[in-house]
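Just so it is clear: chains get the letters A, B, ... in the order the sequence lines come, proteins before strands, and each one is counted from 1. Atom set for the values below is all heavy atoms of this structure, side chains included, hydrogens, waters and symmetry mates excluded.
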Amino acid sequence: MKLTHDFYIRPTLEVARNLLGKVLVRRLGRKTLSGIIVETEAYVGPEDLACHASKGRTPRTTVMFEQGGCAYVYMIYGFYFCLNVVTEPRDFPAAVLIRAVDPIENISTMRRLRKNPERDTSIASGPGKLCMAMAIDKKLNGADLTGKTLWIEDRGVAVDRIDATARIGVDYAGEYKDKPWRFYIHGNPHVSRAKIGHRTQDV
DNA sequence: GTCGTGATAGCCT
DNA sequence: GGCTATCACGACG
């Protein structure tokens with residue numbers, strides 16, 4: 001079941017939590033790559049100083065102002081891409097960063113795209129790795145997530161426990177840097193090893 | 001295991 | 001010009 005716009009046009013924190021356990025699917029030629037989403041971060045609108053759109057509408061952030069249900073992909077550190085899904089109604093700029101997935105279909109292709117890491121738990125255990133593993137780059141910025149190249153499905157995966165921590169790498173965000181808006185599936189080995197601020201709450 | 005570092009490009013003041 | 005929602009690697013112990 002492909003998620004529709006109703007799923008995305010909701011409060012961002014809700015979407016970020018509900019995306020855990022959903023399946024990210026990438027159609028690549030004749031192949032379908034997919035993985036269970038195990039880690040997300042919410043970037044919640046103009047007030048959130050960690051949200052790119054807190055600086056207003058710029059060429060890069062334009063897509064965050066779209067209505068929920070499209071992809072926001074940007075390059076970071078000159079090397080890597082990050083995949084976000086845009087949330088909330090039009091003109092409220094917010095998104096959820098997909099930080100890690102547990103690969104399930106065509107794992108060998110994803111491993112190859114990642115230059116053959118030793119452990120399968122490091123194929124897509126981080127936002128940059130995930131984009132490499134699923135061949136996601138700037139060309140997918142603005143892509144419709146109800147379309148045919150990149151989408152998210154509900155396959156009924158049960159998530160029994162969600163942990164929440166501060167988001168990674170947003171020390172500059174003043175009063176927003178400690179908001180517990182990073183979510184991951186408790187104990188899942190595919191969650192990124194990025195410095196885990198200690199767990200602040202279970203959801 | 002942890003820590004520090006270097007790589008590199010696009011964005012925005 | 002300064003910064004960044006990252007990753008891999010090597011040095012240490």
With clusters defined by side-chain heavy atoms of hydrophobic residues (ILVMFWY) lying less than 4.5 Å apart, directly or transitively, does [Y] cluster with [X]?
X         : Y         : answer
Leu20(A)  : Leu145(A) : yes
Ile76(A)  : Leu97(A)  : no
Ile152(A) : Leu140(A) : yes

(message) Checking salt bridge (charged side-chain N to carboxylate O under 4.0 Å, His left out) between Glu41(A) and each of Arg167(A), Arg99(A), Arg17(A), Lys179(A), which is the one that passes?
(response) Arg99(A)

(message) Please give the stem ranges for DNA chain B, sorted by first residue number, where a stem is three or more consecutive Watson-Crick or G-U pairs and both donor-acceptor distances are under 3.5 Å.
(response) B:1-7 with C:6-12, B:9-12 with C:1-4

(request) With rounding to the nearest 0.5 Å, note down the distance linking CE in Met134(A) to NZ in Lys129(A). (result) 15.5 Å

Rounded distance (Å) that lies between atom [atom2] of [N] and atom [atom1] of [X]:
X         : N      : atom1 : atom2 : result
Lys179(A) : dA5(C) : NZ    : C1'   : 18 Å
Arg193(A) : dT2(B) : CZ    : C1'   : 10 Å
His52(A)  : dC3(C) : NE2   : P     : 15 Å

(request) Report yes if at least one side-chain N or O of Arg99(A) is closer than 4.0 Å to OP1 or OP2 of dT6(C); otherwise report no. (result) yes

(request) Scan nucleotides 8-13 of chain B nucleotide by nucleotide, 5' to 3', and note B when protein non-hydrogen atoms come under 4.0 Å of the base, S if they reach only the sugar-phosphate, - if neither. (result) BB-SS-

(message) Using a 4.0 Å heavy-atom cut-off to protein, can you give one letter per nucleotide of nucleotides 8-13 of chain C, 5' to 3': B if the base is in contact, S if only the sugar-phosphate is, - if neither?
(response) S-----

(request) Check the angle between the aromatic planes of His52(A) and Tyr74(A) and answer parallel, tilted or perpendicular using the 30° and 60° thresholds. (result) perpendicular

(message) When you measure from the centre of the six-membered ring of Phe7(A), is the NZ or CZ of Arg10(A) closer than 6.0 Å and no more than 45° off the axis?
(response) yes

(request) Compare every heavy atom of Asp48(A) with every heavy atom of Ser54(A), then report the nearest pair and how far apart it is. (result) CB-O, 3.2 Å

(message) Tell me if the NZ atom of Lys2(A) is crowded by more than 12 foreign heavy atoms within 6.0 Å.
(response) yes

(message) Side chains of Thr149(A) and Arg27(A) only: does a donor on one sit below 3.5 Å from an acceptor on the other?
(response) no

